[in-house]
Structures are given as structure tokens and as C-alpha cells.
Q: 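Submitted below is the structure of interest, expressed as C-alpha cells.
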Amino acid sequence: MTDQAVPAIINLDVPGPVISRHLYGHFAEHLGRCIYDGFYVGEDSDIPNAGGIRLDVVEALRALNIPNLRWPGGCFADEYHWMDGIGPRDRRPAMVNTHWGNVEENNHFGTHEFMALCELLGAEPYISGNVGSGTVREMSDWVEYLTREGDSPMVRLRKANGREEPWRVRFWGLGNEAWGCGGHMSAEQYAAEARRFGTYCRDHGENKLYRIAAGANSDDYAWTETLMKQLGGLGCAYRPAAFMQALSMHYYTIPGTWQDKGDATVFDTGDYYRTMVQAARVDELITGHSAVMDCYDPGRNVGLVLDEWGTWWNVEPGTNPGFLHQQNTLRDALVASLHFDVFHRHAERLVMANIAQTVNVLQAMILTDPGSGALVLTPTYHVFEMNKGHQDAALLRIDLPAGVPDRAVDSARLPTVSMSASRKDGRVLISLSNLDAAETADIELDLRGGALTEVSSRILTSGGLQDHNTPEVPGIVAPRVHEHVKETASGLRVHLPVHSFVTVEGRLA
Ligand code: AHR
């Protein structure tokens, strides 16, 4: 093993753009065991709950300072009719969840339950409305039901269902993946629909909507361009229209094919590096969509929202293929830490990101055992927790005069060290990932424009990249104190073991 020394300069006194806390957002769809059995167990469950919502899940997520939760989909959003999910539960009509497992959806978790969940979490709701199979009136009524005060038909209905005061709901999605499950529309068709839906989703009283148009898949830059044109103008003459404040994009890390995406826990080092190359692509994609947006909106008034991201593996053997249930290893954690460094660097345009999905589905924070109900925190959960100090902090740029080490992966090159830093309330947080599975790295942090005191450090790593947590052994991959941070004449020297994620925190002297 060779140590790779990497010089890195951070000007502690030059704060950059603010990293929105919403880059640490979440996503919960009516899919598999995310809502039912994940968040919601029903009031009669033996598992401690409030109105059917699992309290242990809430407590674990509160520790992440989860800023927002997107719901009810995903693909499910464009078949969801919100009025089926209000009123007495035993009278709510059922439906078939055709996208996800062809199972019956009893609508027991609906608008009121979702808003109660957000209140318990202390998170802002982000509701995805139904453009694909819904009507403009249906969506407009939903906004009125949730956010209007005083007296109106929807307000009376809300009050009849037990909620006197309106809620605050800022984030509103105009459909989901309109190019696919959301209606198989062309960009032009969708743009026209989004204009219509966006127009009739009204700001009621003080509740100002932040409308998010359903954006591109991966590198479909033409989709982004069409939406930006529809928002109005070009370059400096650009005046974003009132009916859309942001547009989204989706990108999943899938090193295999859609038919065989690879296994969550059974993989070799080659598969691991190919995964990291795919994960690193998120930088290229955000850069590409931002560049298109910059042509139309150089003032960066329109937000870019990556409202679905994360790893997508083959489902766990023996589980319903439509439930997208997968394990989560140290590899997933490093995918997450790499994404956050990229998100931070794009803080000026990227205003929100939502990992898919919070509980039991895809790259989850929490897995619940269907038999015992036991709750497991995944390695990805720990990255969110270790990084939470970046929320609403000012980005600190990291200059790398000698670059970073990289390694060949098929025909690509993977930079194997990734970092980002921020400051907030007199504290500095530095995140460092060594993606290399064979070489350690030493980072020589040259801290200029200030100094750090009360330095502490934590590390997330394990003996194998395949290591993961289970109900039987829940703490295999968990953060520990990291002893290998030394003060130097110009700053700090941080040792990064192979495949590790490290955070260093300190107070500005
Ligand atoms: O997150 C799972 C699915 O992936 C979502 O429902 C859809 O939007 C995307 O294709």
C-alpha cells in the first residue's frame, strides 16, 4: 500500500454560496414497503406509533435534520387521486398500484397522514401532483384544500375532516417523469401541460408555491432547454414566468443494465469501481443541465432540483420485483458521500435533491424487518448524519494544486479522492472520501485565512465494501472516532484508509 499525499487549500475566510439544506431532502413513494410497513404501520400495530406513523423511524430521521419529504411519487404520483385518501379510513376507496407490484392500495395513508408525518419529522412537505392522469381542477383543489384559510369549498372539506388551520406547503411538483411513466409526453407537450397546471395551482394567502416542473432523465439536455424556453426569454432578457420556479432532473447510479443492474451485496472490486464511475457522472449531468439553464437564466433565478437519485440494484432474492427492496453496503455510503461533494459544488444552481427512497426502497436510510419489525440504519444513513452540518452552511472552495489521484476503470478514469467543506456559525465541516479500495490517502489541508480549534473527526468504513448492517448485527458499518488527524504548521494532515468516508469538524479560532 502506498500513501498518496494530496495537498488541498481551503480559504476559511472566503465563504461561497449557501448549501441549501434541501440538498439533503428525501423521497417516499407508495412503493413496496416504503409507506406501509416502513413509515406507516397503522394505529393498531404493536410498534409504537402516533396515528399509525412509526415513532422509531421518525426519531431516526429527526437525527438527520431531514429538511423535506417528497410524496406520493414517483410514478405513483401520476395515478394518485388525492380525494381517495381523505376522510374516514374505512370509507376510502381502494385502487391498484399498477406501477409497483400490482398490489392493492387502500389509501389509508393520505394527505392528513402525510402532513402529520412531516410535522413529526420537522420536515417541509414536497407534494408531487398528478399531471399524467389527473385534472387541472383536481390539482388546484388539492392546493386549496391544503393551504387556504378562511372559508371556501375545499377549506370546508378540510375542516370537516378535522383540520381547522391550513398547512404551509411550499414545494409543489407538476407531475413526475412526464417523458415516461408520467404520460409519455414530448417535452413540448409537457411544457404546455405544465404551464396550464402551474397557472391554476394558486398562491393562497401567505402560502407562496415553489412549483417544480418535471424535468429531464439523466442527460436529456433538450428537455431542459424546451422547458427553459417555455419559462420565457433568453439570456439577460430572461424573466422566469410565475407558473414554474424550478425544474427537476433524475439520475440513478446503475452500473449494470436495466435488466441486470447488479446485486446490492454480491459484487467484486471491478463492479465497485464501475459503480463509482457511474456515480461520479452526476457532476457531468448537473453541469450540463446548469449550462443549458445558464444560457436562458444567467442570473440563476430558476432552481434545479435533482428529486430522484441514488443506487438502483437488483431486488433482494425472494422479494417482490415491484417493491425495489435492496440492501445497502459501504459502497452505497461512498456513492452518497461522492454525490454530496458534487451537490455542494453546484450550490448556486442546485437548490434541492431527494434520495430515492427513505425507507425499505432503493438506497434507503432505514430498513425495517418485515417479520420482527426491527429497524436497521444503513451505511447511507450515517453519511447523511455525518454531513448534516453542511445544511445551510456557506461553501468553502477547495483548491487542489496537484490534482487528486485517479485510477483507470475500463476506458474511464475515476478520481479516487473527493472532498468538500463549509462553514456555519463559527464552525467548519470538511468531508473527505477515499474511493480507492487498495490505496490509502493523506490529505495535507492548508488552511488559510484562519485556524481551527477543538478539531474532532469521525470515520465511516469497514473491512469490506460489501459490509452492511442487519437486525442481528446492526452496527457493522457505523461512524467511529477517527484518530488520524494531525495538526501541521499550515493546517491539518488527515489520513484516509482505503474505501473510507471521514468528516473533520472544528471551531474557527
Ligand atoms: O424511485 C423509483 C421510480 O424511479 C420512481 O417512481 C420514478 O419516478 C423513477 O423512475
Side-chain angles (χ1 to χ4, degrees), residues 1-10 217-221 249 251-257 260-262 267-292 306 309-313 329-347 349-350 353 363 380 383 395 397-421 430-446 460-461 464-466 494-502:
M1 265 185 232
T2 341
D3 272 358
Q4 313 197 41
V6 182
I9 304 165
I10 305 180
N217 185 26
S218 182
D219 60 357
D220 185 355
Y221 302 121
M249 59 177 281
Y251 177 63
Y252 284 97
T253 296
I254 304 172
T257 60
D260 183 10
K261 303 179 192 72
F267 58 89
D268 62 22
T269 314
D271 298 327
Y272 162 70
Y273 285 126
R274 278 187 285 281
T275 304
M276 298 321 286
V277 167
Q278 289 307 312
R281 262 201 87 201
V282 72
D283 193 12
E284 167 201 322
L285 299 175
I286 296 174
T287 303
H289 288 289
S290 299
V292 173
L306 176 63
W309 69 272
T311 54
W312 194 327
W313 309 117
T329 66
L330 177 62
R331 172 175 66 168
D332 296 85
L334 293 172
V335 167
S337 67
L338 177 59
H339 272 71
F340 283 129
D341 291 336
V342 173
F343 294 172
H344 299 162
R345 286 199 291 275
H346 287 281
R349 177 68 83 178
L350 192 70
Q363 191 175 351
T380 301
V383 174
L395 180 72
R397 208 177 78 189
I398 303 186
D399 289 307
L400 300 156
V404 292
D406 64 2
R407 67 161 56 234
V409 181
D410 303 329
S411 56
R413 294 211 72 84
L414 172 70
T416 51
V417 169
S418 175
M419 292 180 258
S420 62
I430 307 169
S431 298
L432 311 99
S433 299
N434 181 12
L435 307 180
D436 208 291
E439 307 247 357
T440 63
D442 276 276
I443 314 299
E444 293 285 353
L445 290 174
D446 182 354
L460 187 74
T461 190
L465 280 158
Q466 297 78 2
V494 186
H495 178 68
L496 303 180
V498 297
H499 50 59
S500 65
F501 172 59
V502 167

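Please read all numbers here as calculations on a predicted model, not as lab measurements.
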Q: To the nearest 0.5 Å, how far apart are CG in Asp406 and CZ in Arg413?
A: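 That separation rounds to 4.0 Å.
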Q: Check Ser290 against His346 and note the closest heavy-atom contact, atom names and distance.
A: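 Smallest heavy-atom distance, with atoms named: OG-ND1, 4.4 Å.
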Q: Which label fits Trp309 and His339: parallel for a plane angle under 30°, tilted from 30 to 60°, or perpendicular past 60°?
A: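 Correct class here is parallel.
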Q: Identify the residue among Ser433, Ser420, Ser500 that makes a side chain to side chain donor-acceptor pair (under 3.5 Å) with Ser337.
A: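 Considering Ser433, Ser420, Ser500, a side chain to side chain donor-acceptor pair (under 3.5 Å) with Ser337 is found only for Ser433.
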Q: At their closest point, which heavy atom of Thr311 faces which heavy atom of Gln363, and how far apart are they?
A: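 What the structure gives for the nearest pair is N-OE1, 2.8 Å.
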Q: So which heavy atom on Arg274 is nearest to which on Val409, and how close?
A: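 Looks like N-CG1, 3.9 Å.
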Q: Taking the side chain as everything from C-beta on, heavy atoms only, tell me whether Met249 gets closer than 4.5 Å to Leu285.
A: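 Touching, per the 4.5 Å side-chain cut-off.
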Q: Which atom names give the shortest non-hydrogen contact between Trp313 and Lys261, and what distance separates them?
A: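 Heavy-atom minimum between the residues: CE3-O, 3.7 Å.
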Q: Supply the atom-to-atom distance Phe501 CZ to Phe340 CZ, rounded to the nearest 0.5 angstrom.
A: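 Phe501 CZ to Phe340 CZ: 8.5 Å, rounded to 0.5 Å.
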Q: Let me confirm one number: the CG-OG1 distance from Leu414 to Thr275, rounded to the nearest 0.5 Å.
A: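 Between Leu414 CG and Thr275 OG1, I get 10.5 Å after rounding to 0.5 Å.
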Q: Short question: side chain of Asp341, backbone of Leu338 - any donor-acceptor pair under 3.5 Å?
A: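 Looks like no, no N/O pair under 3.5 Å.
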Q: Do you know which two heavy atoms are closest between Asn434 and Ala441, and how far apart they sit?
A: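 Shortest heavy-atom separation between Asn434 and Ala441 comes out as ND2-N, 3.7 Å.
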Q: Set out, in order, the CA-CA distance, both residues' side-chain angles and the distance that settles side-chain contact (heavy atoms from CB on, under 4.5 Å) for Met276 and Val335, then state yes or no.
A: CA-CA 6 Å; Met276 298 321 286; Val335 167; 3.9 Å; yes
Q: Look up atom NE2 in His289 and atom OG in Ser218, then write down how far apart they are to the nearest 0.5 Å.
A: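 With rounding to 0.5 Å, NE2 (His289) is 7.0 Å from OG (Ser218).
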Q: So which atom in Leu330 and which in Gly464 form the shortest heavy-atom distance, rounded to 0.1 Å?
A: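 Heavy atoms of Leu330 and Gly464 come nearest at CD2-O, 4.0 Å.
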Q: When you measure from the side chain of His344 to the backbone N and O of Arg397, does any donor-acceptor pair fall under 3.5 Å?
A: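 Checked: no pair found.
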Q: Step by step, would you call Tyr272 with Leu334 a side-chain contact (heavy atoms from CB on, under 4.5 Å)?
A: CA-CA 10 Å; Tyr272 162 70; Leu334 293 172; 3.5 Å; yes
Q: Under the side-chain contact (heavy atoms from CB on, under 4.5 Å) criterion, do Leu306 and Val282 qualify, and how do the steps go?
A: CA-CA 10 Å; Leu306 176 63; Val282 72; 4.0 Å; yes
Q: Atom CZ of Arg345 and atom CD1 of Ile286: how far apart are they, to the nearest 0.5 Å?
A: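 So the gap between those two atoms works out to 9.5 Å.
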Q: Given 3.5 Å as the limit, does a donor-acceptor pair link the side chain of Tyr273 with the main chain of Leu435, or not?
A: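 Checking the backbone N and O of Leu435 against the side chain of Tyr273, no donor-acceptor pair under 3.5 Å is found.
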Q: So, does Thr329 use its side chain to make a donor-acceptor pair with the main chain of Leu465 at under 3.5 Å?
A: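 Checking the backbone N and O of Leu465 against the side chain of Thr329, a donor-acceptor pair under 3.5 Å is found.
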Q: To the nearest 0.5 Å, how far apart are NE2 in His499 and OG1 in Thr416?
A: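 OG1 of Thr416 is found 13.0 Å from NE2 of His499.
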